[in-house]
Amino acid sequence: MIDKVVSTMEQAVAELHDGAAIMISGFGDAGSPHELIQAVIDHGATDLTIISNNAGSGETGIAALIKAGRIRKVICSFPRMAASHHFDAAYRAGKLELELVPQGNLAARIQAAGSGLGAVFTPTGYGTQLAEGKETRDIDGRMYVLEYPIHADFALVKARAGDRWGNLVYRKAARNFGPIMAMAAKSTIVQVSEVVPLGALDPEAVVTPGVFVKKLVLASSNAQPAAA
Amino acid sequence: MIDKVVSTMEQAVAELHDGAAIMISGFGDAGSPHELIQAVIDHGATDLTIISNNAGSGETGIAALIKAGRIRKVICSFPRMAASHHFDAAYRAGKLELELVPQGNLAARIQAAGSGLGAVFTPTGYGTQLAEGKETRDIDGRMYVLEYPIHADFALVKARAGDRWGNLVYRKAARNFGPIMAMAAKSTIVQVSEVVPLGALDPEAVVTPGVFVKKLVLASSNAQPAAA
Amino acid sequence: MNMQRLDRNAIARRVARDIPEGAYVNLGIGLPTLVANYLPADRDIFLQSENGLLGMGPAPDEGNIDWDLINAGKQPVTLLTGGCYFHHGDSFTMMRGGHIDICVMGAFQVSVNGDLANWHTGAPDAIPAVGGAMDLAVGARQVFVMMDLQTKAGECKLVRACTYPLTGLACVSRIYSDVGVFSVGPDGARVIEMVEGHSLDDLRAITGLELEIGSER
Amino acid sequence: MNMQRLDRNAIARRVARDIPEGAYVNLGIGLPTLVANYLPADRDIFLQSENGLLGMGPAPDEGNIDWDLINAGKQPVTLLTGGCYFHHGDSFTMMRGGHIDICVMGAFQVSVNGDLANWHTGAPDAIPAVGGAMDLAVGARQVFVMMDLQTKAGECKLVRACTYPLTGLACVSRIYSDVGVFSVGPDGARVIEMVEGHSLDDLRAITGLELEIGSER
């Protein structure tokens, strides 16, 4: 019997390693797997590359990872936030490399990795600083930039509910990057608010089929994030 | 008030025109919008390019369109079926152009069109007849073929239920190409088994958001296809 | 010059007037979110938010805030009856793929041919952040910019050529400002509408451009 | 030669033995679908079907046929508890993106280095059809071929180089046949297992290849 549910956050992140590339779901705090990120801090892995839409705010989540000095590089679209002081400080001190990617190219590159494409021509960013040095091409009279997949060793994802085969559903706008990151990482680890029996999720409404999930763990405090 | 529901099949396909490129959902008969296809026949538009997984079987659906002599070109992955005699005859008589596309490249090219990408490098088909004459590239030690988007003027899609804003849910494996074709065509026309009030569809379980749909029409006979 | 100027709410109201029923609209973070307040409730207009919402509704009551239901600016919102959720791949398929009729964004500068600069001041110590601006710039069918025509320091933001880092090339079609509405594009900038009390000469003086009155293209 | 040969069901049973619990498996149309009949019911093995199913179950009873629930060969199937539906984009993300552990396909020819030919006989009047074969060939982590080693006319289908149009290059790792199991790949073809009553010399004679006994790579 296959049961992808593990009992502890520690077990969930046991295979992490120094130098890993880690995708982290979330748009701001919505959908950010805070407990799994705390488990990464507890695990001790360092020299990490983080792929996420933002670069953390306040004192928890990605911000805590930065504060702990574990991150070598951030690939994201929007690091500047109201309380992104830990990112700001590390970036200004040159302790952190930033690869800034337009949000839709971030999504497209993650999707390219998940679906086995070698590269995609995207119109986004053409003629801007963020496409400098990149290959461009005129296709049917429109200009495109060649963008490559972003692969990751791990994806840390927050979902609302999951079953032992790894099928997932999400909650409202906390869905955001979760489903496409789950497809793109070698190993996807999910914190859920609820583990449900096989068959409890409507097969028409499963958002992430279990094939994309390696481990699930119940996050008892997987509540809505508090007001920022 | 926006109400995308029209009353008749005739209204649903009123804007069709000669020479149109039309995507048609379905994998075999599952998900094939037979009533809309009949409406295309009744409309009279001809010289059509059809993008679909198959090229029809028996006497209805795409097979009936071929029989009626309305199709100039078929872009599909699997035209040969148990009862594809109308395709076979038209193809052998040279009345029909065939562009054979590996099924996953068909999906990827439809998705590229829907998402505004200019082209994608796919590993599928490299080194085969179906990639002959196409641009190839070594990316990180693996060979890829450059494939371009497939755009369409119309998509004809079968769904289980929809609301007046065009939100859709599907039924089992009849979902297949429907959602990605709806994203790729300039104008997506949907036959549904049921028109439901706004709010009746779970916002977490909508498969095709209404933005991708132009018109819906109730197909009273939108039942499961009969045994082939 | 000491002319009458529209405040941000008045500009938002003016933008809202040009959004037809049935339009799929993305309102950028900051100023443009005000436009939602002026969309008539009896018109079905569909607000899309890059973080996976279509049919976005107004801010919730204090007691009904759900931090899993936010807009692109990370403020709490609601979902209208008939709205739905989707992931970031599908969201940017909407935005990049030409499915959004209108997006409204703020800007540092817009050039007469429609180039947009709104993501980076170019200051060397600034922390850059781009979000979905570049995707909207290339992907929305029409890009409306909503801004005061001048900076606080009095520099005109409608320019011959942008000096700030670009967000997108030749993408803006319309500027809604505190002094009037402009069209920009291949034919250059034209004045579509002036705020009461302004003359064409005023606008020429502010912009330093040989503006003409234009009709809708 | 007049040796004992496995029938298609026996080959299917042999393939099933090599599919571990937890594997995500795509069974190609035709012969490979038989493998499903021999997967032990007490093992969680996940069958994926290109038309948008994961957790595909056996054929339904006569009275429970649902033509919206079919497999890649358009035959009626069922969905297991815990299975789910998805669209073709997501289905081929699974298949092309390396998420399927094993696919099992039939073949016209397989070369010693693992080239696969199974979509087209090359006959000029044949109606070509490719389906998802090329995507599986490049996308599945392991490609197993299940076939009789010879055509009815006695031609060996394990060849030095394919003469039929290719489906994929260097993609097959294993051949399950009526006379034995072979590995193919960069090191060429090796005999992993022979059906009882066969000798290495028999297989060398059939194939015309300098086969050796190989261990699992």
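Labels below follow one simple rule: chain letters A, B, ... track the order of the sequence lines, proteins then strands, and each chain is numbered from 1.
With a 4.5 angstrom heavy-atom cutoff, A:Y170 touches chain B only via backbone atoms.
Heavy-atom contacts from other residues, nucleotides or ligands closer than 6.0 Å to NZ of B:K4 number more than 12. For NZ of A:K214, the number of neighbouring non-hydrogen atoms (other residues, nucleotides, ligands) closer than 6.0 Å is 12 at most.
B:L117 pairs in a side-chain contact (heavy atoms from CB on, under 4.5 Å) with only one of the listed residues (A:T124, A:L117, A:V120, A:I139), which is A:V120.
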N/O donor to acceptor pairs below 3.5 angstrom from side-chain atoms of residues 196-205 of chain B, sequence neighbours left out:
from	atom 1	to	atom 2	distance (Å)
B:D202	OD1	B:E204	N	2.9
B:E204	OE1	A:R175	NH2	3.4
B:E204	OE2	A:K172	N	2.7

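The candidate with the highest count of non-hydrogen atom pairs below 4.5 Å against chain B, out of A:R142, A:Q111, A:R137, is A:R137.
For the pair A:H151 and B:D140, the minimum side-chain heavy-atom distance is 4.5 Å or more.
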